[in-house]
Student: 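I have a structure I would like to understand better, so I am pasting it below and will then ask my questions one at a time.
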Amino acid sequence: MKRKRTSRIPVGAPTLTKDDFKSDQDVRWCPSCGDYSILAQTQRTLPELGIPKENIVFISGIGCSSRFPYYMNTYGFHTIHGRAPTIASGVKMANPELSVWVITGDGDALSIGGNHFIHLMRRNFDINVLLFNNRVYGLTKGQYSPTSERGQKMYQSASIGSLDTPFNPLSLALASGATFVARSVDVHTDHLRPMLKAAFEHKGTSFIEIYQNCHIFNDDTFILQRKKEHKTDHTVLLEHGEPLVFGAEHDKGIRLNGFQPEVVDLTDGEHTIDDLIVHDQHAEDTTLANFLAGMSDTPDLPHPMGIFRSVQHPCYENLMTNQIRTATERMGEGDLDALLHDGETWIVS
Amino acid sequence: MKRKRTSRIPVGAPTLTKDDFKSDQDVRWCPSCGDYSILAQTQRTLPELGIPKENIVFISGIGCSSRFPYYMNTYGFHTIHGRAPTIASGVKMANPELSVWVITGDGDALSIGGNHFIHLMRRNFDINVLLFNNRVYGLTKGQYSPTSERGQKMYQSASIGSLDTPFNPLSLALASGATFVARSVDVHTDHLRPMLKAAFEHKGTSFIEIYQNCHIFNDDTFILQRKKEHKTDHTVLLEHGEPLVFGAEHDKGIRLNGFQPEVVDLTDGEHTIDDLIVHDQHAEDTTLANFLAGMSDTPDLPHPMGIFRSVQHPCYENLMTNQIRTATERMGEGDLDALLHDGETWIVS
Amino acid sequence: MRKPVEQIEAATILFAGDSGDGSQTIGTQMTETTALIGNDVATLPDYPAEIRAPAGSLAGVSGFQLHFSSEQIHTPGDLCDVLVAMNPAALKVQLHKLKPNGILIVNTDNFARRNLRLAGYEEDPLESQDLTKYQVFGVELTSLTRKALETTQLSTSEIDRCKNFFALGMILWLYNRPMEYTMKWIKAKYAKSPQYIEPNILALRAGNTYCDMTEQFAVSYDVKPATFEPGTYRNIEGNMATVLGLIAASHQSGLPLVYGSYPITPASDILHGLAKYRNFGVVTMQMEDEIAAVGVAIGAAFSGALGVTGSSGPGLALKAEAINLAMIAELPIVVCNIQRAGPSTGMPTKTEQSDLLQMFYGRNGESPIPIVASSRPFDCFEAVYEACRIAVKYRTPVIFLSDLYIGMGAEPWKIPELSELPEIKPNFTTSAGPSDEFEPYLRDPETLARPWAKPGTLGLEHRIGGLEKSDVTGHVSYDPENHEKMVEIRAEKVARIANDIPPTEIFGAQEGDILLLGWGGTFGALRTAAENYVAEGLPIGHVHLRHLNPFPNDLGDILNRFKKILIPELNSGQLLQLIRATYLIDAIGINKVQGQPFHVFELHTKIDEILKEIEHF
Amino acid sequence: MRKPVEQIEAATILFAGDSGDGSQTIGTQMTETTALIGNDVATLPDYPAEIRAPAGSLAGVSGFQLHFSSEQIHTPGDLCDVLVAMNPAALKVQLHKLKPNGILIVNTDNFARRNLRLAGYEEDPLESQDLTKYQVFGVELTSLTRKALETTQLSTSEIDRCKNFFALGMILWLYNRPMEYTMKWIKAKYAKSPQYIEPNILALRAGNTYCDMTEQFAVSYDVKPATFEPGTYRNIEGNMATVLGLIAASHQSGLPLVYGSYPITPASDILHGLAKYRNFGVVTMQMEDEIAAVGVAIGAAFSGALGVTGSSGPGLALKAEAINLAMIAELPIVVCNIQRAGPSTGMPTKTEQSDLLQMFYGRNGESPIPIVASSRPFDCFEAVYEACRIAVKYRTPVIFLSDLYIGMGAEPWKIPELSELPEIKPNFTTSAGPSDEFEPYLRDPETLARPWAKPGTLGLEHRIGGLEKSDVTGHVSYDPENHEKMVEIRAEKVARIANDIPPTEIFGAQEGDILLLGWGGTFGALRTAAENYVAEGLPIGHVHLRHLNPFPNDLGDILNRFKKILIPELNSGQLLQLIRATYLIDAIGINKVQGQPFHVFELHTKIDEILKEIEHF
Ligand SMILES: Cc1ncc(C[n+]2csc(CCOP(=O)(O)OP(=O)(O)O)c2C)c(N)n1
Ligand SMILES: Cc1ncc(C[n+]2csc(CCOP(=O)(O)OP(=O)(O)O)c2C)c(N)n1
Ligand code: SF4
Ligand code: SF4
Ligand SMILES: [Mg+2]
Ligand SMILES: [Mg+2]
């Protein structure tokens with residue numbers, strides 16, 4: 001792991017706590033909203049990163065989730081719908097020392113903001129993107145979003161059901177060249193915190209899809225992946241170098257059948273752990289990561305949780321800084337007076 | 001193959017010819033521009049589709065390529081930059097009988113229009129999208145585009161080279177749920193025409209990436225895939241159910257090594273055709289298609305040409321028409337007077 | 001024992017509580033009941049900020065104000081006769097709207113220390129001296145409801161959710177309204193969860209009986225039915241009237257309706273509303289953003305449908321480039337802007353009229369577009385229908401302006417006869433004409449409209465686009481004189497719509513001291529103010545513009561007949577700017593930019609000032 | 001033998017040919033040479049429509065007009081003294097710009113039947129009577145060049161590409177200009193392909209000698225140097241001056257420059273130009289669209305940099321929503337609009353001034369933004385620098401208006417001393433202040449600017465956004481009075497910039513009959529017209545506005561000193577609309593919407609009319 005550019009808290013300085021990251025504003029989400037947990041895990045994780053809080057910036061778009069920056073006692077900017085990635089790019093480019101976090105929703109990131117999302121992924125700024133996926137527009141009261149299931153009748157908008165095939169946010173991110181792609185769940189606090197940390201440690205754009213419950217407009221859409229009683233059978237934890245095993249008794253696994261994933265029973269005497277796919281999060285080729293991402297689109301397969309891909313590519317801001325350095329070496333530090341007099345001049349006296 | 005909704009020319013009616021599809025406008029591209037060939041192949045293919053020309057609509061955005069509709073003696077709309085997919089959706093939805101073609105460039109479709117592009121793919125209107133990929137902004141005189149290679153110095157814009165990782169248009173389309181994805185080359189006329197025809201025959205959104213030469217601002221960017229002397233070694237033709245063989249002497253093939261593609265020599269005595277990947281364009285799972293799409297991002301691998309994926313999913317306009325039919329069956333044909341009097345009313349006399 | 005009934009002309013009631021307290025529901029019930037009895041009614045729902053506020057907090061207060069009368073009324077009322085405050089936060093936020101000596105009903109069960117603190121009260125206002133100028137009725141709404149429902153099978157939290165009907169029962173008693181309508185509604189609403197029917201009805205009755213039995217209110221009131229023009233009436237919200245107007249335009253023109261939209265407050269309800277009427281062939285498409293939404297409308301219009309899109313301020317900003325395409329391509333689409341308080345995200349749940357100049361000028365180049373504004377909830381029907389008529393007849397995008405206040409407000413509407421609706425004729429071109437060469441920019445000599453030739457029509461194949469087009473042929477043209485000519489034609493086409501507008505109606509004085517000139521959702525306040533002065537015999541007139549672009553041909557004349565032109569607007573003076581530039585008249589603005597409608601008394605204050613000034617001259 | 005030399009004051013030359021004929025190159029060479037000699041120069045490149053037109057077609061004609069003089073001049077000239085037409089299409093398109101008896105040089109080798117047909121000539125114009133009112137010089141440019149270069153190693157098609165230098169050689173002879181500058185340029189240009197150096201120089205010399213040896217031209221002309229203020233000069237294009245102005249503002253303020261953009265004609269050259277100066281720390285980001293581009297500028301400003309974005313009309317429409325965010329967040333960004341002919345895609349390679357009202361009003365809600373316009377190519381430097389100064393001082397987005405005509409035109413520029421440049425001080429806040437609670441909306445009492453606190457500064461952590469903000473604290477607020485107050489503060493902040501503007505300069509009469517009031521790229525035509533009338537002693541003044549929002553404080557007074565206010569604009573009357581509304585003055589527009597700049601004679605015609613009217617009164 002390369003050292004982050006972001007400056008670190010000097011050794012010996014008082015360590016920060018969760019409370020240092022709470023702003024003075026009342027938190028305003030509905031009771032039981034999944035956003036509370038994500039906020040709490042973020043406030044718990046940030047002190048562990050060892051960076052001064054004045055160097056942290058949260059940028060969001062519009063949506064329930066996008067209120068997040070108001071509750072963080074860091075720098076924050078609640079911008080406009082879908083555009084947070086562009087503003088975050090400007091923030092990071094103007095000051096690469098900052099630790100920049102984008103908070104977005106499934107509508108904000110994938111509907112109106114879809115283009116900025118995919119372009120952010122390919123540029124690979126060192127920015128962390130947290131997508132709160134509740135498969136619904138919360139703030140505008142329950143219309144379907146690009147991740148809503150087809151045919152699902154929503155609170156008000158598609159009274160006869162959505163006709164659109166949902167996006168898989170991870171597949172889109174991977175196809176756009178994302179270098180760090182992960183998934184977690186709002187209430188799986190012990191999983192979410194390490195994911196946040198890993199996203200921060202990754203140098204380049206880190207993208208985490210977080211399954212989030214909207215209690216009011218789309219309750220329990222992720223019930224199988226969120227609830228204790230279901231999740232062992234409906235999620236599979238990705239660990240680098242480990243086979244894909246899941247189930248309450250670690251009794252099931254995923255193997256490859258041609259190009260298709262298949263669940264096998266490890267207790268049936270026919271299959272063993274050696275038949276299973278072994279995860280390689282550092283593979284440069286995206287075939288495996290794509291394959292894992294696609295699993296959540298296939299009924300009856302467990303949804304992978306964890307880091308799908310984590311590879312090192314150059315960051316945009318570093319490439320740009322290098323260009324500036326090279327140009328300065330080649331042409332010398334900019335001399336304004338010389339620049340104004342560039343080319344042919346003549347003197348009138 | 002299901003029958004298209006688009007109405008067909010009645011039997012016995014005079015058949016159309018290429019000339020019927022030429023408008024009265026002078027064609028205005030630079031000499032040697034690849035767009036000429038694509039125009040000619042389209043004008044040659046349309047008469048073979050058996051549909052009346054008044055039922056054909058070409059919709060484009062802005063760019064050199066987007067001038068295309070002016071040269072077609074069909075209905076045409078040269079709209080605004082990046083938005084052709086949205087306007088085409090409206091055209092098709094308002095009249096599903098029409099055969100709708102979107103003409104777009106790499107900048108138009110993937111830069112400003114990236115969001116509409118991915119959403120069009122997931123909605124699966126029965127629309128054909130031809131993306132003229134010349135890896136440059138032609139009309140605005142040579143800036144880099146989202147498909148330009150990183151570090152490439154362009155005519156004027158990135159005097160120090162682009163910093164962005166290019167998009168792979170096919171990967172993006174697949175990740176967005178595209179049901180028909182293909183690739184061809186402007187001057188490979190015998191390949192391009194069948195691709196156009198297959199796109200038309202496919203019921204759902206058909207996407208063809210066409211490698212196109214911009215003679216002025218990005219000459220020979222696809223030299224290895226376009227030129228006769230190179231193409232046998234640098235492209236591999238996809239045929240459903242056939243192994244991936246290429247080379248002038250059909251002497252090379254692609255096999256799977258773990259999750260990575262690998263070129264093997266079929267004449268070295270060690271490898272046979274049985275080791276090779278066999279193409280399955282109808283696979284519901286996108287792993288193979290993704291894998292093939294990724295090949296062009298890997299140096300030294302041949303670029304696949306042909307149909308990557310072709311699967312049948314419901315079309316948006318049919319789902320909508322069904323909703324209308326169902327609602328009408330359930331609630332009766334709309335009665336305006338009754339609607340206005342809906343709910344509680346009272347009479348003042 | 002029934003207490004004395006006092007005849008009054010009008011009353012204004014404000015229900016206020018937490019978002020979850022059901023104020024909107026009982027407000028709507030009271031409105032419907034009152035409308036059915038024959039009163040004139042106007043309502044103003046006042047939603048909390050677009051934030052999920054903690055229960056009991058000031059930010060979470062939701063209000064519903066309703067004004068009913070035996071006379072014609074135009075506004076939901078300035079100050080209220082009755083305030084129902086379900087908790088201390090509601091009291092704190094809304095008390096300033098209660099008239100001195102007004103009736104204040106509070107749910108005392110909610111005045112525990114925690115709630116007081118959340119509302120920012122240091123001490124219990126019910127115990128302090130602050131409320132002495134009101135008639136305070138503390139009612140243990142929660143406990144009383146629980147008691148009334150103790151025999152039902154519901155859990156306590158379910159029972160508590162019925163307490164709004166207890167409050168409604170009290171109000172129905174107070175104004176001598178029947179409970180039948182509400183009972184019917186409860187039965188329909190809970191048809192699929194019948195366990196809730198009985199309890200809610202019980203709560204309603206309990207509230208009603210409570211007033212009958214206790215000595216709470218000395219009198220009850222009666223408001224006689226208003227005199228309405230004969231006809232069939234219903235109660236309608238502005239956004240719903242817009243929905244019906246669009247469907248009517250589609251139906252009467254025979255053009256299928258394609259509505260492309262992206263959700264945004266307060267326009268989303270039009271999308272929700274239209275989506276229900278697939279049996280009218282209505283296609284609604286929730287698109288990925290506002291640009292895609294207007295793109296769909298444009299494509300639909302090119303295909304020969306009625307293409308419509310709708311949004312609010314920020315969404316309109318995004319649509320500008322594409323609306324300009326529709327303008328130069330001369331395609332008929334209707335763009336609905338349900339305005340809210342800007343700038344930027346602004347205050348999304350508050351009203352404002354501050355997008356007028358954006359609609360006029362918010363596009364690059366010379367881009368004239370007709371603008372039609374609705375003035376009150378029911379008027380949305382006629383105004384949006386008129387927008388469709390102009391779009392189709394003149395082949396042009398038309399902007400329909402509404403706002404949050406009228407979009408969410410409700411009032412009785414006299415349902416029109418279908419035969420009264422103006423004609424909308426698409427007049428599609430079906431053949432190329434004598435020259436045999438179809439000319440897509442050959443114009444109707446009267447309207448300057450260009451032909452509308454649908455794809456699918458043999459022989460009319462043609463190409464259009466956003467580059468300047470040659471007159472008549474429609475080919476791409478960079479010719480300087482042609483460009484100037486096309487710019488002029490497009491302006492002239494819009495200007496000629498004025499020939500198609502009925503003479504402007506002036507309410508009150510036809511000439512004299514002051515003309516109140518308004519547009520949009522301020523109609524009610526302006527008309528009420530004007531009525532008041534006219535009743536006093538003062539030479540004051542009121543003109544409310546339906547057409548903002550172009551202005552009516554007779555407007556200049558009318559303005560010249562008054563000494564002072566007053567233009568009240570919920571913005572910093574946008575119509576004002578246009579009127580001054582067009583007519584070089586020193587018109588004066590009355591401006592309020594608070595996210596709130598005008599109170600009639602605010603207008604009176606300013607008008608009185610001006611009247612004084614005029615006298616001093 | 002050297003022929004007689006005639007002294008003249010000024011000359012206008014128009015080079016015209018196919019896009020590939022190199023007219024732009026030799027036009028630029030003639031400009032540079034002429035500027036170096038000390039003439040005043042003004043140029044107008046006239047690109048073909050944004051279409052790749054077939055060789056020899058009318059649509060493919062590219063022109064470059066240049067006007068030089070021994071006096072100060074302000075325009076590239078109305079009609080030309082010399083027209084160089086490389087083919088029949090160029091002749092057909094440009095002949096109307098040649099003065100009667102003007103010199104017409106044509107490349108007769110290109111007048112074959114095919115080319116005539118492409119240009120739409122039925123018969124050869126060189127043989128018909130049509131050209132008798134000009135001095136026609138048919139030159140076999142292609143054959144002569146081939147002959148001159150026959151000893152070189154180049155292929156015929158390579159040789160043919162040198163023929164523009166043959167033509168330039170002739171023109172340099174005709175106006176007695178040295179060839180050295182061009183030779184130096186050729187050597188530098190082909191340093192990496194040296195095989196082209198000699199042939200191009202040969203062609204240049206051949207053209208020059210050709211005039212010396214043949215009897216073609218009876219006289220040659222000399223234009224003496226103009227008198228310029230003392231100083232160091234260079235020739236500069238408007239877009240390049242914008243590039244330098246932005247870099248200067250970054251350098252002088254110490255703020256890093258971050259330019260987010262998306263290519264669009266005619267703004268792309270600013271992106272291209274800035275990208276070259278990474279050694280000034282300049283960051284340019286070619287983004288996915290115009291929204292992303294302004295997003296980058298906003299983010300950069302939040303981070304404490306000078307955030308700038310640039311585009312043209314359609315791009316500006318797309319940026320509106322985000323500019324509004326910068327406005328309410330009160331972040332300093334500069335938005336450059338290099339206007340082109342609209343509406344919609346319009347005529348992308350033609351000029352216009354029709355985005356003024358879009359810049360004023362093209363955003364939802366009340367959204368006041370300062371607007372600064374440049375008036376001529378070199379003025380772009382000062383104007384965009386001023387835009388940066390206002391943005392930083394007042395913490396507000398500022399719009400910088402330029403247009404295709406000045407952006408692509410060139411003229412001599414007196415290079416400023418760095419010490420003359422106004423100060424730009426970011427004044428970042430570095431500590432929370434006495435209360436220890438940082439208040440991000442506490443204002444500077446004079447400018448009303450709010451603090452600029454960069455992320456990374458300990459103790460100033462704060463949150464901003466597009467929802468309405470509470471005065472002082474910056475918390476989200478839906479309070480009605482606060483909203484009105486904030487709307488007023490934002491308007492007042494922009495209004496106060498007027499206190500920071502120097503008194504308006506009136507050229508010519510300080511009071512009298514007519515004031516020509518203009519803005520932007522029409523400066524040259526207006527000033528020339530004014531000079532002509534002033535020279536005749538007529539009471540006519542000229543004011544050219546740099547600041548369009550706010551207007552200068554003294555403007556109202558000035559307007560009142562003239563009988564008639566004439567506002568010439570390349571639009572349908574946009575400044576006109578603002579002036580009428582603001583000052584209630586019956587100003588009159590002179591409007592041209594042809595994608596072309598004013599000719600001075602067009603202004604004269606209108607002014608004469610008005611003068612006559614005034615006399616009749
Ligand atoms: C330009 C614009 N269009 C539309 C809206 C209305 N709007 C606000 S948030 C939102 C969607 C929110 O959904 P999501 O991003 O999933 O966030 P959530 O509320 O579910 O957290 C919409 C449509 C807006 N504010 N701005
Ligand atoms: C809103 C808007 N932004 C920018 C432009 C300028 N523009 C026109 S075409 C184009 C890019 C063209 O590139 P591409 O789509 O690859 O088409 P090509 O010309 O290469 O065929 C750009 C940036 C525009 N017309 N409209
Ligand atoms: S609406 Fe849904 S997402 Fe929004 S705050 Fe409430 S529970 Fe959370
Ligand atoms: S610029 Fe390139 S893409 Fe455009 S017409 Fe010329 S060769 Fe073709
Ligand atoms: Mg959501
Ligand atoms: Mg391209």
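By convention in this document, chain letters (A, B, ...) are assigned in the order of the sequence lines, proteins followed by strands, and residues within each chain are numbered from 1. Source: prediction; values computed, not measured.
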Student: With a 4.5 angstrom heavy-atom cut-off, is it the side chain or the backbone of D:A35 that approaches chain A, or both, or neither?
Tutor: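 Both backbone and side chain.
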Student: Indicate the atoms forming the closest heavy-atom contact of A:L340 with D:I415, along with that distance.
Tutor: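 Answer, listing the atom of A:L340 first, then D:I415: O-CD1, 3.5 Å.
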Student: Please rank D:V296, D:I464, D:I37 by heavy-atom pairs under 4.5 Å with chain A and give me the top one.
Tutor: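 Option with the top pair count is D:I464.
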Student: Quick one, A:I324 and D:Y277 - any side-chain contact, counting heavy atoms below 4.5 Å?
Tutor: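 In short, these two side chains do not touch, never coming nearer than 4.5 Å.
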Student: With no hydrogens and no angle check, is any side-chain donor or acceptor of A:Y70 less than 3.5 Å from a backbone partner on D:H475?
Tutor: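 No, because the side chain of A:Y70 does not come within donor-acceptor range (under 3.5 Å) of the backbone of D:H475.
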Student: What part of A:Q25 gets closer than 4.5 Å to chain D, counting heavy atoms only: side chain, backbone, both or neither?
Tutor: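 Side chain only.
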Student: Would the distance check show the side chain of D:R463 and the main-chain N or O of A:T74 forming a donor-acceptor pair, the cut-off being under 3.5 Å?
Tutor: yes
Student: Tell me, for D:L460 versus chain A, whether the close heavy atoms (under 4.5 Å) come from the side chain, the backbone, both or neither.
Tutor: both
Student: Report which part of A:D342 has an atom under 4.5 Å of a heavy atom belonging to chain D: side chain, backbone, both, or neither.
Tutor: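 Both parts, backbone and side chain.
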Student: Report yes if the side chains of D:E288 and A:R123 come closer than 4.5 Å at any heavy-atom pair, otherwise no.
Tutor: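 They are in side-chain contact.
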Student: Side chains of D:E321 and A:R83: closer than 4.5 Å at any heavy-atom pair?
Tutor: yes
Student: Contact part of D:Y233 toward chain A, heavy-atom cut-off under 4.5 Å: side chain, backbone, both or neither?
Tutor: both
Student: Which atoms form the tightest heavy-atom contact between A:L336 and D:I247, and what is the distance?
Tutor: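 Scanning both residues completely, I find the closest heavy atoms to be CD1-CG2, 4.3 Å.
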Student: Considering only heavy atoms, which portion of D:H462 lies under 4.5 Å from any heavy atom of chain A: side chain, backbone, both, or neither?
Tutor: both
Student: Tell me whether D:N279 contacts the main-chain N or O of A:G332 through its side chain, where contact means a donor paired with an acceptor under 3.5 Å.
Tutor: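 Such a contact is found between D:N279 side chain and A:G332 backbone.
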Student: Provide the closest heavy-atom pair for A:Y75 versus D:K454 in the form atom of the first, atom of the second, distance.
Tutor: OH-O, 3.1 Å
Student: I'd like to know if the side chain of D:R278 reaches the main chain of A:T326, judged simply by a donor and an acceptor atom lying under 3.5 Å from each other, with no hydrogens or angles considered.
Tutor: no
Student: May I ask you to name which of D:P455, D:A305, D:A292, D:A300 has the most heavy-atom pairs under 4.5 Å with chain A?
Tutor: D:P455
Student: Look at D:G456, D:G466, D:A329 and state which one has the largest set of heavy-atom pairs under 4.5 Å with chain A.
Tutor: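 Answer, by heavy-atom pair count under 4.5 Å with chain A: D:G456.
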Student: Of the backbone (N, CA, C, O) and the side chain (C-beta and beyond), which part of D:A322 lies under 4.5 Å from a heavy atom of chain A, both, or neither?
Tutor: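 Both backbone and side chain.
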Student: Using non-hydrogen atoms only, which part of D:T284 is less than 4.5 Å away from chain A: side chain, backbone, both, or neither?
Tutor: backbone
Student: Quick check on the interface: out of A:M72, A:H78, A:K53, A:H81, who has the most heavy-atom pairs with chain D under 4.5 Å?
Tutor: A:H78
Student: Check whether D:Q252 gets within reach of chain A through its side chain, its backbone, both or neither, counting any heavy atom under 4.5 Å.
Tutor: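 D:Q252 touches chain A through side-chain heavy atoms alone.
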